[in-house]
Amino acid sequence: MKKYILIALMLITAYNIFCCDMAAAITTHEGGVFYFNYPDMDKHYCVELNVKLNSCPRDQGRRLIFYDSNESDGIWHYRPNSVSDPILQTYYDTHILTSNVMLSHARVGTTGDSIQHHPFIWESRTDDKTYAFMANGDIDMTALEGLLEEGSDSDWLDDAITYLHDNPHNVDIESYDDICDSELFFYWIIKNIEANRDVIKGLEQAIYRMNRTTEIGHSAWKNFVFSDGGALYIYKNGTVGYDDYDHQLFWGEAIIETGGVEYDQHAYVVTSTNIGPDFNIDVTPPYQELENELSNFELVVLHSNGAAISYPHFGEFTGENNDYPPEVNYFAVNGVNWKCFPVDYSGYTALTQLEETQFYLPILYYYNYGIQSVGWSDFGLLDLEYTQGYKLELDNIQRIGLLQYGLNGVHVFEDREILLDSQQNRFWIPYFMHGSASVYDAFDDIIDDAVQIIGQYWTMWRKSTGYSWNVAIDPGKNLTCYYGKMYDVTLASGHPTVMDYYDIMGYEEMEEYIPPQTVYYEYEEKLEYEAILIDTIVSNEPIEEVAVFEGGECIGASVFQGYPVFIRAFTEELNRTNEPLEFRVYTGSRTEPDVEYRVFDEDFAYYRDESMYPRENVITRVCLGLNGEEMPVMSDNLVRTKQYPDPFNPETAIEYSLPEYGNVCIDIYNIKGQKVKNLLSSEKPAGLHKVIWNGTDDSGRRSASGMYFYVLIYNEQIIREKMLMIK
């Protein structure tokens with residue numbers, strides 16, 4: 001089946017492998033992929049066949065690009081002046097056996113006279129691959145631009161053009177008018193691949209969206225050869241016999257011979273012929289082994305290891321009910337799943353998208369001025385929005401462990417807007433990016449306006465914008481957002497009304513972290529949880545599991561993995577119960593030890609000896625002591641203060657906490673820096689204290705309204721804070 005190909009300059013003019021639009025392509029076992037073309041510069045194949053093929057683009061000479069993985073830069077450019085150019089011979093001899101990619105094609109478009117250089121080279125922004133692309137056909141450019149500019153970022157196309165042509169491996173263009181449909185086609189494919197982080201899914205999604213776009217249609221010619229540096233992707237799409245074109249695509253194996261040595265590298269040759277059925281011309285490809293012709297809507301992937309995989313009906317859309325659009329893989333576990341449904345062009349109800357969950361008594365929750373639920377009987381009335389986050393509650397799938405299914409539709413692009421209602425402050429925001437990112441990067445658009453962001457397995461909270469974040473998460477883990485998850489976000493008033501993920505690019509998609517399940521303590525996960533952090537546990541025994549109880553029932557527990565211990569407490573009625581929580585610890589013994597706790601006061605970095613009650617929108621920190629062991633009082637060696645009320649009339653309180661016994665002095669000063677009154681000058685023990693200023697000076701006279709300062713001196717620490725008295 002194989003036929004020898006002598007790659008030498010004297011044979012270049014002997015073969016006309018392909019006609020105007022598509023170059024030949026070879027994939028090698030050692031180096032990956034390279035392409036080449038063999039047109040006679042003085043005698044074009046299209047012209048030889050029939051001058052009536054006037055819509056056939058015209059080659060403007062060969063452009064060779066070698067991509068060599070053995071070099072740091074790896075890509076060279078050269079445009080030969082003639083077929084006998086000695087430099088061209090050097091390129092062949094030096095690089096043909098080590099090249100990953102070698103491409104050649106430059107042509108004038110179907111209309112116009114500007115040279116449209118093939119191939120197009122794209123250095124991936126999401127991985128370390130180099131993509132290359134050549135196409136033939138004729139696709140409506142306005143429709144392509146419309147697809148590319150959908151979403152929130154209308155500058156995507158301009159950015160892509162700059163990125164492509166700033167790459168030294170591509171020919172510069174003088175203006176936007178130099179862009180042809182093949183280049184726009186390439187951008188569209190790249191955008192889909194980057195959004196999916198997968199070549200096959202990206203190609204399928206790109207073709208499917210184009211085929212379902214009325215202005216383009218499923219019969220428009222979309223033949224192409226694509227490379228990711230490791231494999232060739234050959235695609236045939238168009239109506240046979242349309243406009244006297246057949247656009248046949250063939251591929252087959254070959255053996256390369258150079259320098260008198262044969263190299264069997266699982267090499268493939270790809271040829272394209274634009275001969276319609278009305279032309280009585282023998283168009284048998286010059287290589288007998290090219291008996292493999294692609295069918296319409298077929299993708300063939302040629303791997304460098306010799307494997308060839310065919311995907312029939314690839315991206316096909318005919319407008320019928322039996323169309324099979326690309327699917328987004330999805331999975332769920334028993335209990336409450338914090339999810340989003342990252343599919344666009346769906347038009348499917350929850351009943352359709354979640355059909356495979358019907359046997360597991362699902363309930364779907366969403367947030368719209370409060371948490372609302374939908375049962376299975378009403379799933380057909382709810383359209384799933386990719387801009388909305390959901391909580392999917394499933395039951396009785398323990399025996400499966402993981403329920404995996406596909407969502408109908410195509411993956412959402414990174415530049416899709418998420419609208420944030422200005423009348424609300426709390427949102428369930430979806431994360432539909434392929435590529436995990438830190439919460440600070442993922443929510444970069446709104447992070448400065450956020451006061452709380454809750455993930456299924458971590459929480460971050462702060463008093464107000466401008467304050468530092470408090471974080472509740474398992475030791476050694478990161479605040480990471482994962483594909484297909486939703487996040488509960490509370491924003492301050494006056495927040496932005498739009499956010500998107502456009503800048504999330506190039507991040508690796510990581511496997512989601514799920515905390516280990518406790519064995520000794522059992523509890524039921526519910527719709528919401530309160531974040532509890534245990535800073536330390538004073539114990540002479542090893543700790544295995546820690547739990548929190550409400551009314552004698554375990555509402556949350558964690559396997560001990562170090563400090564701090566993060567517990568998600570699924571309280572019955574957040575903020576509405578008067579019964580204090582209690583903690584229990586499992587040490588591996590038959591009996592549980594007695595546990596006492598203290599609650600951390602953020603203002604004073606002080607552990608208060610008081611009971612803890614369920615409360616919303618805050619992270620509660622505690623320390624535990626087993627069997628009467630002494631617990632810490634302060635978390636650091638800094639003195640902390642708090643003054644209230646402010647403004648005040650007629651008096652105000654100044655609270656302060658001391659890490660250890662020492663002398664404390666507190667004085668009041670006016671705006672001129674004059675001392676008004678000494679409130680305290682004495683030794684105090686460690687702990688929390690309070691002193692009152694009634695607005696008088698040292699003589700007992702009432703001070704005037706205005707700004708004052710209190711200055712606290714403790715050891716070598718000085719705290720100076722302002723306060724306002726009004727009458």
Side-chain angles (χ1 to χ4, degrees), residues 457-459 461 470-477 514-526 529-572 574 577-615 618-638 640 657-661 685-688:
Y457 302 115
W458 53 257
T459 294
W461 169 87
N470 295 290
V471 174
I473 193 171
D474 280 347
K477 303 306 175 184
I514 299 177
Q517 183 63 51
T518 55
V519 177
Y520 186 80
Y521 295 111
E522 296 183 356
Y523 60 93
E524 180 184 354
E525 288 194 15
K526 298 183 180 179
Y529 69 85
E530 175 184 356
I532 298 176
L533 274 183
I534 302 174
D535 292 326
T536 188
I537 303 174
V538 183
S539 171
N540 293 320
E541 301 179 67
I543 308 299
E544 295 190 15
E545 296 180 5
V546 186
V548 59
F549 279 70
E550 180 183 31
E553 178 185 356
C554 181
I555 59 172
S558 292
V559 175
F560 181 77
Q561 304 177 82
Y563 296 111
V565 180
F566 173 41
I567 298 180
R568 297 176 300 147
F570 298 93
T571 53
E572 280 291 346
L574 288 176
T577 179
N578 293 320
E579 186 170 353
L581 302 181
E582 60 176 294
F583 291 88
R584 298 184 188 179
V585 174
Y586 177 62
T587 61
S589 62
R590 294 183 178 180
T591 59
E592 296 173 321
D594 295 330
V595 179
E596 296 179 349
Y597 66 88
R598 287 177 175 169
V599 181
F600 187 72
D601 187 318
E602 291 285 346
D603 293 325
F604 299 102
Y606 175 79
Y607 291 100
R608 293 181 179 271
D609 188 6
E610 63 183 21
S611 296
M612 175 184 169
Y613 296 88
R615 46 185 170 170
V618 69
I619 298 172
T620 305
R621 290 173 55 186
V622 300
C623 64
L624 307 185
L626 307 190
N627 296 323
E629 294 285 349
E630 186 65 25
M631 291 172 284
V633 176
M634 304 293 294
S635 65
D636 54 40
N637 292 320
L638 298 177
R640 308 292 181 99
S657 61
L658 304 179
E660 57 187 22
Y661 188 92
L688 185 63

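Here, residue 1 is the first one in the sequence, and each next residue gets the next number. Just so it is clear, the model here is predicted, and its values are computed rather than measured.
- The SG atom of C554 sits 11.5 Å away from atom CD of E524, with the distance rounded to the nearest 0.5 Å.
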Next item on the list: Go through F570 and E525 one step at a time and tell me if the side chain to side chain contact (heavy atoms under 4.5 Å, CB included) criterion holds.
Entry: CA-CA 6 Å; F570 298 93; E525 288 194 15; 3.7 Å; yes
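- Between V622 and F583 the shortest heavy-atom distance is CG2-CZ, 3.9 Å.
- Here the CD atom belonging to E541 is positioned 5.5 Å from the OG atom belonging to S589, to the nearest 0.5 angstrom.
- Heavy-atom neighbours of E596 CD from other residues, nucleotides or ligands within 6.0 Å: at or below the threshold of 12.
- Both cation-pi conditions hold for R584 and F549: the charged atom is under 6.0 angstrom from the six-membered ring centre and inside a 45 degree cone around its axis.
- Heavy-atom minimum distance, V585 versus P593: O-CD, 3.3 Å.
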Checklist line | Pair Y457-R568, side chain to side chain contact (heavy atoms under 4.5 Å, CB included): steps then yes or no | finding: CA-CA 8 Å; Y457 302 115; R568 297 176 300 147; 3.7 Å; yes
Check: Passes side chain to side chain contact (heavy atoms under 4.5 Å, CB included), S558 versus V546? Steps please.
Finding: CA-CA 6 Å; S558 292; V546 186; 5.6 Å; no
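- Taken from CD1 in I567 to CG in D474, the straight-line distance is 10.0 Å, to the nearest 0.5 Å.
- Residues T518 and Y586 bring no donor and acceptor atom of their side chains to less than 3.5 Å of each other.
- With contacts defined as side-chain heavy-atom distances shorter than 4.5 Å, the pair D535/Y607 qualifies.
- Formation of a donor-acceptor pair under 3.5 Å by the R598 side chain with backbone atoms of M631 is found in this model.
- Between E610 atom CD and D601 atom CG the span is 7.5 Å, to the nearest 0.5 Å.
- Contact of the M612 side chain with the I532 side chain is registered, since non-hydrogen atoms from C-beta on lie closer than 4.5 Å.
- A distance of 8.5 Å separates CG of N540 from CG of N627, quoted to the nearest 0.5 Å.
- Checking side-chain atoms of E545 against main-chain N and O of Y520 turns up a donor-acceptor pair under 3.5 Å.
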Check: How far apart are the C-alpha atoms of Y523 and I555, what are their side-chain angles, what is the distance that settles it, and do they pass the side chain to side chain contact (heavy atoms under 4.5 Å, CB included) test?
Finding: CA-CA 5 Å; Y523 60 93; I555 59 172; 5.8 Å; no
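- The minimum heavy-atom distance linking P580 with Y613 is given by the pair N-CE2, 3.4 Å.
- Closest of all the heavy-atom pairs between L624 and Y597 is CD2-CB, 3.4 Å.
- Listed here is the closest heavy atom pair of S657 and Y606: CB-CB, 4.4 Å.
- Side-chain atoms of V565 and L533, non-hydrogen and from C-beta on, never get closer than 4.5 Å to each other.
- Scanning both residues, I534 and Y563, for their nearest heavy atoms gives O-CD2, 3.9 Å.
- Judged purely by distance below 3.5 Å, without hydrogens or angles, the side chains of S539 and E629 never pair a donor atom with an acceptor atom.
- The side chain to side chain donor-acceptor pair (under 3.5 Å) test with E530 singles out one residue from T620, T459, T571, and that residue is T620.
- Two residues are said to be in side-chain contact when any heavy atoms from C-beta on lie closer than 4.5 Å; V538 and L626 fail this criterion.
- Taking the side chain as every heavy atom from C-beta outward, Q561 and P516 approach each other to under 4.5 Å.
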